Amino acid sequence: MKIVQKFGGTSVADIPKIRSAANKVKSEVDKGNKVIVVVSAMAGVTNQLVGYCKDFPSSYNLREYDVVVSAGEQITSGLMSIALQDLNISSISLLGWQIPILANDAHAKALIDSIDTSKILSHLDRGEVVVVPGFQGVNKKNDIVTLGRGGSDITAVAIAASVDANYCDIYTDVDGVYTSDPRIVKNARKIDKITYEEMLEMASLGAKVLQTRSVELAMKFNVSLRVLSSFSGAPGTLICSEEKVVEKEIVSGIAHSMDEAKITLVSVEDRPGIAASIFHTLSEYNINVDMIVQNVSEDGSTDLTFTVSKHELLSAKNAVENNQEIKWRKLLIDDDVSKVSVVGVGMKSHAGVAKTMFKALAEKNINIEVISTSEIKVSVLIKAAFTKEALVCLHKAFDLDQ
Ligand code: ASP
Ligand code: MG
């Protein structure tokens, strides 16, 4: 088999951890597998490098920022290769530009265009392990670019897709994806198998195990992703296509996000073009809108509520206030809210999920402020203080407790 093993920052945080990661590689090599290792920077290093750049008050040049922040992964690539050689495994590190991993020009958030697999494959054929730094690529001008924070997951999945690997194993400091945040819900269980779609919802809803774009990429190229712990031998979570999940759960997990803020426009005019105008303005300010609700109108006006990320609340407020085309009676903002979601592919074919959810919340006297749904999730916005209680009661209501 061909396997990509990706080690996150906490898994390569110091030399003993790099040695133990190298041992995980060795056990795959010993089974006769061809292995490509993708590494993150040692824990904390990228933050430190970003901090150096930010020390220069005048806005620094992103080309040079990428030269600086990509360095962390170069260090761990070399060290990982040395650690493997120390275990008598032939290995070679290949940096982004040496492969090359071609990406576009968007410094600090580049997208991968293509990966030339010829060098990687010829080293694998020689029986060597290839070590690749995550997070970096090279653009057409031969400048180093980085893929955005957390981008090593993207490198791992992109390489797995390009060499048609059997598995892309993501080694991290948790042993899988859980039915809810185990720090909050003590009865949370590890999920054995979850679909890409569910994982995408969970990831974008705050389950920070995998970078969201890497899951999108895995879904697009049908890469079997496994989330595994670097520190235990426990079986992890497999993220795969729906066909491979035989026992589909109606609800697989309860996710939450504290990064929510709500804006309400009270008594906006109700005529064609109002919503278009408001959301046009928000998109011009580059603000991502999440939930949207609009009421029916009786007197020619209506209330419109939407949510944005907490850190974008003030710019969203400014954006709306600067829009001269629309009038409203009152603008209310509230950032003391959280979003709680139930996620599951089984919802596509089962009724009653919303009913169970709303009933469980009602029994705890938790008020629902905004509701939004997709084919495989129901989300509600509630007061932030009730987040834990909501997660715990929903976890129980959907029979997820262990
Ligand atoms: N080292 C980079 C970061 O901290 C990329 C990664 O670890 O995935 O964002
Ligand atoms: Mg990471």
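Everything numeric in this text was worked out from a predicted model, so none of it was measured. Read the numbers this way: they start at 1 and go in the same order the structure lists the ligands and their atoms.
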message: Pair Asn323, Ser277 - check side-chain hydrogen bond (donor to acceptor under 3.5 Å, both in side chains), show working.
response: CA-CA 8 Å; Asn323 181 328; Ser277 170; 2.9 Å; yes
query: Looking at Ser40, which atoms of ligand 1 are within less than 4.0 Å of one of its heavy atoms?
result: 6 (C), 7 (O), 8 (O)
query: Any nitrogen or oxygen of Asp153, main chain or side chain, under 3.5 Å from a nitrogen or oxygen of ligand 1?
result: no
- line: Sequence neighbours excluded, the answer for salt bridge (charged side-chain N to carboxylate O under 4.0 Å, His left out) partners of Glu197 is Lys348
task: Measure the distances from the heavy atoms of Gly151 to every atom of ligand 1 and state whether one is below 4.0 angstrom.
output: yes
- request: Please confirm whether Gly9 comes under 4.0 Å of ligand 1, counting heavy atoms of the residue only.
  value: no
task: Determine whether any heavy atom of Gln211 lies closer than 4.0 Å to an atom of ligand 1.
output: no
- prompt: Which atoms of ligand 1 sit under 4.0 Å from any heavy atom of Arg149?
  reply: 3 (C), 4 (O), 9 (O)
field: Distance-only donor-acceptor check, side chains Ser91 and Ser81, under 3.5 Å
entry: yes
- prompt: Taking atom types as modelled and ignoring hydrogens, do the side chains of Ser341 and Glu201 form a donor-acceptor contact shorter than 3.5 angstrom?
  reply: no
task: Decide yes or no for Met347 and Val342: does some side-chain heavy atom of the first lie under 4.5 Å from some side-chain heavy atom of the second?
output: yes
- prompt: Will you find, in the side chains of Asp259 and Ser309, an N or O donor that is under 3.5 Å from an N or O acceptor?
  reply: yes
query: Could an N or O of ligand 1 be found under 3.5 Å from any N or O of Gly150, whether backbone or side chain?
result: yes
